[in-house]
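Each ligand, and each atom within it, is numbered from 1 in the order the structure gives.
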Amino acid sequence: MTAKRAIDVLADAGALAGEAARRVAESAAEATERRGRFVLVLAGGSTPKTLYGTLAAEPWRSKIAWDKTLIFFGDERCVPPDHPQSNYAMAVATLLSKVPIPKESVHRMKGELSDAAAAAAAYEAEMRGALGGLETPAFDVVLLGMGPDGHTASLFPGTAALDLTDRWVAANHVPKLDAWRLTLTFPALAAARRVIFLVAGADKAAVASEAFGDGVVAATHPAGRVATIAGRVEVLLDRAAATRS
Ligand code: 6PG
């Protein structure tokens with residue numbers, strides 16, 4: 001299915017966060033009005049931090065019905081929830097501790113569990129329970145970043161999870177990091193009404209021009225594969241990441 005992919009270039013990371021916040025709030029209003037809830041999948045890494053801080057402040061904080069919002073994570077490092085590398089810890093510090101979202105509405109991937117495969121299976125069961133099944137689309141907005149190697153969530157080039165289409169959550173060993181990760185899989189990331197990529201920095205320009213371009217090489221990058229299979233894909237680049245697009 002050819003995605004409807006829109007690419008917008010913003011002046012800098014702050015402008016990118018402001019535009020992303022506007023779009024998240026737009027989807028939140030539509031989802032809560034039409035379906036009584038807003039299901040949001042958070043991205044990890046550093047780029048989303050500015051967006052999360054923007055959502056936690058006015059005018060956006062009061063535009064989102066946090067009491068009707070469900071939070072999931074696109075991926076997690078296999079570390080405890082208070083670890084400096086934890087995506088959950090980052091989201092709590094920048095957003096979740098600053099908005100009135102019920103604790104039970106935040107669904108954390110338990111990266112601290114020694115059996116990563118069991119943690120992945122448990123998260124999928126938790127998602128199924130919270131969403132009342134895993135039909136497509138399951139999520140109103142999926143936020144994603146992209147690494148300079150084209151990875152998104154914890155779907156890194158050449159790793160086993162790229163081939164998993166029979167599940168929504170997987171444990172994925174990443175040799176280049178010598179680490180395990182928990183990640184949503186391609187079918188799960190694509191099960192979104194709206195995928196919004198947040199991509200900033202010159203080190204991503206070359207891959208971004210391929211991953212979000214129209215060439216056949218796009219889907220060879222994990223980020224590009226999501227952008228190819230998802231239904232509605234919006235790519236927000238800062239100027240530095242757009243120099244090759
Ligand atoms: C993670 C993210 C990862 C991230 C990219 C981009 O856990 O690190 O899920 O996919 O989005 O690595 O990271 P930056 O936004 O920090 O460049």
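Applying the side-chain hydrogen bond (donor to acceptor under 3.5 Å, both in side chains) definition to pairs two or more places apart or across chains, those involving residues 208-227 are Arg5-Asp214, Glu210-His221.
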Contacts under 3.5 angstrom, residues 132-148 side chains, donor-acceptor by atom type, not counting sequence neighbours:
{"unit_1": "Asp140", "atom_1": "OD1", "unit_2": "Arg35", "atom_2": "NH2", "d": "2.8"}
{"unit_1": "Asp140", "atom_1": "OD1", "unit_2": "Arg193", "atom_2": "NH1", "d": "3.3"}
{"unit_1": "Asp140", "atom_1": "OD2", "unit_2": "Val39", "atom_2": "N", "d": "2.8"}

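Ligand 1 lies under 4.0 Å from heavy atoms of Gly44, Gly45, Ser46, Thr47, Asp75, Arg77, Asn87, Gly145, Met146, Gly147, His151, Thr152, Ala153, Arg181, Lys204.
Judged as a side-chain contact (heavy atoms from CB on, under 4.5 Å), and not counting sequence neighbours, the contacts of Lys176 are Asp149, Phe156, Val174.
Using a 3.5 Å distance cut-off with no hydrogens or angles, the side chains of Thr159 and Asn172 do pair a donor with an acceptor.
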From CA spacing to verdict: salt bridge (charged side-chain N to carboxylate O under 4.0 Å, His left out), Glu126, Arg128
CA-CA 5 Å; Glu126 181 174 339; Arg128 197 181 298 276; over 6 Å; no

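Grouping the Ile, Leu, Val, Met, Phe, Trp and Tyr side chains by contacts below 4.5 angstrom, directly or via other members, places Phe72 apart from Leu113.
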